[in-house]
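Here the structure is laid out as structure tokens; the discussion comes afterwards.
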Number of protein chains: 2
Amino acid sequence: MTMPVRRAGSDFVAPARQEHVRAHNLGLLLQRIAADATPVSRIELARATGLARPTISRLVDDLLTGGLITEVGPDRSRSAGRPPIGLTLSRTGPAGLGLDMRTGSLTACIVDFTGAVRHLEFAPRTHPVTAPEQTIDDLAAIAKNAIGTAAAQGLTVAGVTLAVPGPVQDRSRVRFAPAIGWRDFDAGARLRAALGSDEVAVAVDNEAGLAALAEWHASDRQLRNFVCLFGDFELGAGIVLDGELLRGARGWSGELGHVTVEPDGSTCACGAKGCLQEYAGLAAILAAVPDAEQRSGALSHQTPAVTIGVLADRLPEVRAALARAGTALGISVGALINLIDVDTVLLDGSYSLLATWLTDEIQTQIRDRVLTARWSPVEVRAAPIGPDAAVIGAALTVVDDVRRDPSTWITRPRS
Amino acid sequence: MTMPVRRAGSDFVAPARQEHVRAHNLGLLLQRIAADATPVSRIELARATGLARPTISRLVDDLLTGGLITEVGPDRSRSAGRPPIGLTLSRTGPAGLGLDMRTGSLTACIVDFTGAVRHLEFAPRTHPVTAPEQTIDDLAAIAKNAIGTAAAQGLTVAGVTLAVPGPVQDRSRVRFAPAIGWRDFDAGARLRAALGSDEVAVAVDNEAGLAALAEWHASDRQLRNFVCLFGDFELGAGIVLDGELLRGARGWSGELGHVTVEPDGSTCACGAKGCLQEYAGLAAILAAVPDAEQRSGALSHQTPAVTIGVLADRLPEVRAALARAGTALGISVGALINLIDVDTVLLDGSYSLLATWLTDEIQTQIRDRVLTARWSPVEVRAAPIGPDAAVIGAALTVVDDVRRDPSTWITRPRS
DNA sequence: GTACTTTGTTACAGACTATTACTAATCGAT
DNA sequence: ATCGATTAGTAATAGTCTGTAACAAAGTAC
């Protein structure tokens, strides 16, 4: 049994101290309490974790005084003996704030410590998508407002995470986001400066990975190995292996949209030929919608994915474009599964709204092209959350960090 | 700082006890001692790990009595003060035995605790490649002989690992190996039975991952994120992220050979169309060699890769086939890097012998197709070890397991 | 009300590491 | 050659964890 205590991004492996045992066990308990929807008693925790009952009591005391969990009155409906005291995550524990930008709007989301969404807000854009500084400043204004709203509900925001459609370095610098034209922009630094306060931790991350985190929580952490396809005009994949987000060497894994489907296909915005983006990106599918339809009436106020969904029922050329997209997605996701071996594919973001027209084609390609698919089938389905998954996931990262290592949040009083 | 104590393949997260602190620190020390080629003193370990000097002394005592490390006489060439006592890995510590099968031969390899290859043996095949039972029995005979050879050198073999060209379940059952026609055969069980003894741990693993492990050791664990292309008639990829082999949900990641290159390409042995295998597999390249050359003379006794290498200098059609292979490899590896983000590509196995004709094409495709390649270049080069990497890696897994968690090997006497 | 049963806590022992003070072994100047 | 300076390694003891065993608390069943 190993105990790798690593600092991310460094080959420095830290020594273990006794306090790390406690830190680990605190996290273990908290994860366990979070896992069950119903309150858990100390003795159930002891049985589930294998720790001794007195140890559980001591750890639980720390979590209680730290405000991370709450006792719920004794449950009297048992058979004999002293009734157990239930423990649940505290609704007033540290909350997370997620930020997100879409083609038409800026989004903020507040999630409390139980993982429940307490606030979800859409603000219209006042600047073009291609203006990074102004966009971040607007987001910071929304964030400040959201933090106020949270305070009014008795919540303390412990951190802010911004979702971005492209690879992010060191959870701060946006390297390249073709869909919005950002290139090498330190969104984290700008956001930190705009927020002013040093109270909250600021992070920036790829939206697909964040969406995967949200869907993982939505599944009550039952999904352990899956890939989450997220995006609208930029397609990315959030890969979760053994309950852990796969970040890659430098943090920019999951660029599914730029996997080659046809080596000699059309040229993508990234410069390469035949990227998945060119077949399954929202822009590629929209290109099949006749101009007359695009300009006409009520649909133009909907998001592109909804427009496509409505038109697919009516126009065969839209259905054909969706079939092409599905095939291309299937080929690329097949490559991903051959390489990384996950057992579930979630269609998220805009693709969750188009799942009806996509799943069959993707399923077929996977069945044909994945070596191991014949004896271990891969499940393909729409993600339960959908387009809001990235903001929610962004907010959840904050909560998740505290849950994984509560010792950083709890400042235990010395006796 | 988290301390994830997990059992692989299960969502059970174990509680931490004090003994795990020691186990972790023992591993930490051993890794540190292994990292430096020159002997390390206790005080250097203290500085490097951050542990207190007395703690180091106690841990080192355990490693010494466990026979994992050795003291080398004081180094007198220092300036002032008591000279430090050097510590190195013990050459007589637990050794590993690797087994491997190739088209023409069966291979065994013994590696001592320092990672040095002490024995490498090639035996001709006496049965067709497609006969799993006989092949395993032959390998067991070779293994027994090798264990004897090791004993004669004063080495104790702690475990045996068999390298297999295909996905392996639970480190024992071969699910599907197209190149040799094996399907759903529990090689681990057969090998355990044939070896008789319960003394040695038996494991079966994918050859590409094992090769990656060997190359990782050969780089003195300097490579932290890379992919290792390995194979001859079956191509696989061993993916290492942050110094850890990526195994995937069920253990069968890295099936690069069956990633789609041309959606409508020729049909592969696996049933799919346009697999990389069909362009870059050794069989595909060999198909370009004229029949006359294949039958003629001295070359036929060489391995296929050597044959191709020799003919490439003479025949343009062979060079063309290699160029095609390189392009296809570049496209597939590009997909891998877009998805997983590694910074180095090693051409191993047969491909290490053909690197001269492949690297440029692969490099070009990666530069064109990987989104992040423009600001963070990917290195492509021949792997230092080559075709023997899988057997050596197989033997190294045994040593590596003990090195990562020496506490299981050391049975510390109670005071 | 008494016995029984189950939950949670207190008191003390065992297993670690850190701190502090010590011993060991060498160099260099006198 | 001897004494100090310097560096390496080791006891002795304290602090921080968890585990074990005994105990207190709070119910049900009769």
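Letters A, B, ... mirror the listed sequences (proteins, then strands); counts begin at 1. Values below: all heavy atoms of this structure, side chains included; hydrogens, waters and symmetry mates excluded.
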Is there a side-chain polar atom (N or O) of R17(B) under 4.0 Å from OP1 or OP2 of dA15(C)?
-> no

Hey, does V21(B) have a side-chain heavy atom less than 4.5 Å from the side chain of N25(B)?
-> yes

Among dG8(C), dC16(C), dC17(D), which nucleotide sits nearest the side chain of V21(A)?
-> dC17(D)

Between R53(A) and dT20(D), does any side-chain N or O lie under 4.0 Å from OP1 or OP2?
-> no

Does S41(B) put a side-chain nitrogen or oxygen below 4.0 Å from OP1 or OP2 of dA8(D)?
-> no

Identify, between L59(A) and I43(B), the residue whose nearest nucleotide on DNA chain D lies closer to the 5' end.
-> I43(B)

Quick one: is R82(B) getting a side-chain N or O under 4.0 Å of the dT10(D) phosphate, OP1 or OP2?
-> no

Just to confirm, is there a sub-4.0 Å distance from OP1 or OP2 of dG9(D) to any side-chain nitrogen or oxygen of S57(B)?
-> no

Could I get the full list of salt bridge (Lys or Arg N to Asp or Glu O under 4.0 Å) partners for R47(B), not counting sequence neighbours?
-> none

Assert: residue with more 5' nearest nucleotide on DNA chain C, out of Q18(A) and R58(A), is R58(A)

Flag the pair R221(B) and D400(B) as a salt bridge only when some basic side-chain nitrogen lies within less than 4.0 angstrom of an acidic carboxylate oxygen.
-> no

Look at N25(A) and dC17(D) and indicate whether a side-chain polar atom (N or O) is within less than 4.0 Å of OP1 or OP2.
-> no

